[in-house]
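Notes follow once the structure below has been shown.
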Amino acid sequence: MQNHLVASAEPTHPLAEALLDWYDTSARTLPWRVSPAALKSGAVPDPYRVWLSEIMLQQTMVEAVKPFFARFTSLWPTIEALAAAEADDIMKAWAGLGYYSRARNLVACAKVVAELGAFPQTEAELRKLPGLGAYTAASVAAIAFGQPAAVVDGNVERVMARMLALPVPPAKAKNAIREAVAAMVPPVRPGDFAQAMMDLGATVCTPRRPACMFCPWREPCLARQRGEQDLYPVKAPKAEKPTRVGAAFVAVRRDGAILLRKRAGTGLLAGMAEVPNSDWNARQDGDTTERAAPFHARWREVGTAEHGFTHFGLTLKVYRTDGVETAKAPPGSWWSQAAEWEGEALPTVMRKAIRCAIPTAFPPKAKGKP
DNA sequence: GATGCGTGGTC
DNA sequence: TGACCAAGCAT
């Protein structure tokens with residue numbers, strides 16, 4: 001039951017009141033968001049758009065999400081349309097956004113919801129869907145269905161770390177943070193409250209140089225009171241990041257097509273496309289010689305492609321061979337014409353390798369400045 | 001609870 | 001310029 005407009009006998013926490021007032025004038029305008037004014041006028045959020053945006057926004061910046069959200073909602077305007085789509089088409093549309101298991105869970109979740117007929121409306125039921133963890137279940141419950149769920153993401157953790165002057169990294173105080181937020185969630189406008197917290201973190205209580213002068217919570221904030229807002233959140237020691245090496249092989253057919261294959265369904269870059277390459281991973285280097293090539297040919301070294309993953313760096317030695325005969329294509333692979341490359345489910349590291357061998361492929365996007 | 005999993009922006 | 005980081009989830 002949607003209760004966006006249902007009044008309640010419960011009083012609204014003074015801090016929530018102040019935050020909602022700030023949100024009324026300072027909310028960001030986002031393609032997937034129903035503005036506070038529209039919500040008050042009776043507009044109802046589309047759970048599909050809320051869910052899709054929340055999945056895309058996991059560990060991903062707003063500006064990166066916008067074009068993907070537009071593309072997805074154009075191709076698949078409803079959860080039913082998405083559930084009926086080919087999984088490969090969804091993976092292709094996701095290529096470049098990262099964290100590809102999200103796309104696989106997106107497909108699985110769409111099928112479940114289409115089967116159910118609609119999204120479940122409680123946090124606990126949403127939590128059972130593929131790809132929805134504690135954060136996303138709470139955010140969809142609050143934003144799409146007006147449930148008083150405590151929404152805690154990285155922004156909220158940072159805001160609360162400063163509000164409470166938490167002496168430990170936020171990850172070590174998840175329960176305390178969630179309870180502090182739950183105590184503030186207002187009985188009305190819980191969805192706006194959640195979005196207000198995240199907007200506050202994204203635009204005012206920023207990781208570096210927070211704009212405390214514009215913060216609705218500048219008075220109660222413990223870190224601010226002490227003039228120590230730059231000391232929070234306390235950072236956890238960071239793990240060391242190894243650099244791995246490997247080889248990538250760009251085979252060019254006489255007509256200009258290149259050889260691609262599909263990665264395994266689990267693990268790194270799961271289910272995405274790749275050019276043939278040696279078996280590197282986060283724990284182990286791969287062969288950097290042409291012994292790792294998919295077939296015997298005159299391979300030329302054409303350069304290296306560098307890429308940084310979350311947990312390791314990678315330097316690929318790139319080889320190219322030309323004039324390959326179609327008959328030499330190994331099973332499980334396919335030839336992809338230049339006109340189709342942009343549409344393949346190629347992660348960025350593979351695009352870099354291809355660009356290294358074929359400089360005209362995947363030209364860098366022009367920047368905004370002239 | 002720690003680890004594996006992308007990418008692009010920022011300073 | 002390279003290290004850090006941004007609306008987490010699954011195991």
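So you know, we letter chains A, B, ... as the sequences are listed, proteins then strands, and number each from 1. Just so it is clear, the structure is predicted and the values come from calculations on it, not from any experiment.
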Is any side-chain N or O of A/T310 under 3.5 Å from a base N or O of B/dG6, one able to act as donor and the other as acceptor?
yes

Can you figure out which of B/dG6, B/dC11, B/dG8 approaches the side chain of A/M61 most closely?
B/dG8

Please tell me which of the listed nucleotides, C/dA10, B/dC5, B/dT7, lies nearest to the side chain of A/Y100?
B/dT7

Which whole-number value in Å describes the distance from A/L57 CG to B/dG6 C1'?
15 Å

Students often get this wrong, so: under 4.0 angstrom with heavy atoms, is A/R209 touching a base, only sugar-phosphate, or nothing?
nothing

Can you work out whether A/L30 or A/L132 has the more 5'-proximal nearest nucleotide on DNA chain C?
A/L30

Measure from the side-chain heavy atoms of A/R283 and tell me the nearest of C/dG8, B/dC5, B/dG4.
B/dG4

Within the structure shown, what part of the strands sits under 4.0 Å from A/L269 by heavy-atom distance: base, sugar-phosphate, or nothing?
sugar-phosphate

Partner residues of A/F193 under the ring-ring contact (aromatic ring centres under 6.0 Å, His included) criterion, sequence neighbours left out
none

Can you check the A/Q59 CD to B/dC5 C1' distance for me, whole Å?
10 Å

A/M56 CE - B/dG8 P separation (whole Å)
15 Å

Output the rounded distance in Å from CD (A/E54) to C1' (C/dC9).
14 Å

Heavy atoms only, 4.0 Å cut-off, all strands: where does A/G96 land among base, sugar-phosphate and nothing?
sugar-phosphate

Using a cut-off of strictly less than 4.0 Å, decide whether A/T136 has a side-chain nitrogen or oxygen near OP1 or OP2 of C/dC9.
yes

Is the cationic atom of A/R263 (NZ for Lys, CZ for Arg) positioned less than 6.0 Å from the six-membered ring centroid of A/W280 and within 45 degrees of its normal?
yes

Measure the distance from CD on A/Q284 to P on B/dG4 and round it to the nearest whole Å.
14 Å

Does A/Q58 make a side-chain N or O approach to OP1 or OP2 of C/dG8 shorter than 4.0 Å?
no

Exam field: side chain A/R320 to backbone A/A357, donor-acceptor pair closer than 3.5 Å
yes

In terms of relative ring orientation, are A/F309 and A/H307 parallel, tilted or perpendicular, with 30° and 60° separating the classes?
perpendicular

Given atom CG of A/D153 and atom C1' of C/dC9, what is their separation to the nearest angstrom?
14 Å

Give a yes or no on whether A/W217 and A/V152 share a hydrophobic cluster (residues Ile, Leu, Val, Met, Phe, Trp, Tyr; joining criterion: side-chain heavy atoms under 4.5 Å apart).
yes

Counting side-chain heavy atoms from C-beta on, which of B/dT7, B/dC11, B/dG8 comes nearest to A/H307?
B/dT7

Give the ring-plane orientation class for A/F72 versus A/W76, where under 30° counts as parallel, over 60° as perpendicular and anything between as tilted.
perpendicular

May I have the distance from A/N105 (atom CG) to B/dG4 (atom P), rounded to whole angstrom?
19 Å

For A/A134, report the nucleic acid contact type (base, sugar-phosphate, nothing); a contact means any heavy atom under 4.0 Å.
sugar-phosphate

Work out which heavy atom in A/R127 is nearest to a heavy atom in A/A134; give both atom names and the distance.
NE-N, 3.5 Å

For the side chain of A/W341 and the backbone of A/Q337, is there at least one donor-acceptor N/O pair under 3.5 Å apart?
yes

Contact list for DNA chain C against residues 168-185 of chain A - heavy-atom distance below 4.0 Å:
none

Closest-nucleotide ordering on DNA chain B, the 5'-leading residue of A/A270 and A/R208
A/A270

Can you tell me if the side-chain N/O atoms of A/T348 get under 4.0 Å from OP1 or OP2 in B/dG8?
yes

Starting at the 5' end of DNA chain C, which residue's closest nucleotide do you reach first, A/K235 or A/Y99?
A/K235

Within the 4.0 Å heavy-atom criterion, would you say A/W94 contacts the bases, only the backbone, or no part of the nucleic acid?
nothing

Could you tell me how the ring of A/Y319 sits relative to the ring of A/F249: parallel (under 30°), tilted (30 to 60°) or perpendicular (over 60°)?
parallel

To the nearest angstrom, the CH2-P distance between A/W51 and C/dG8 comes to 17 Å

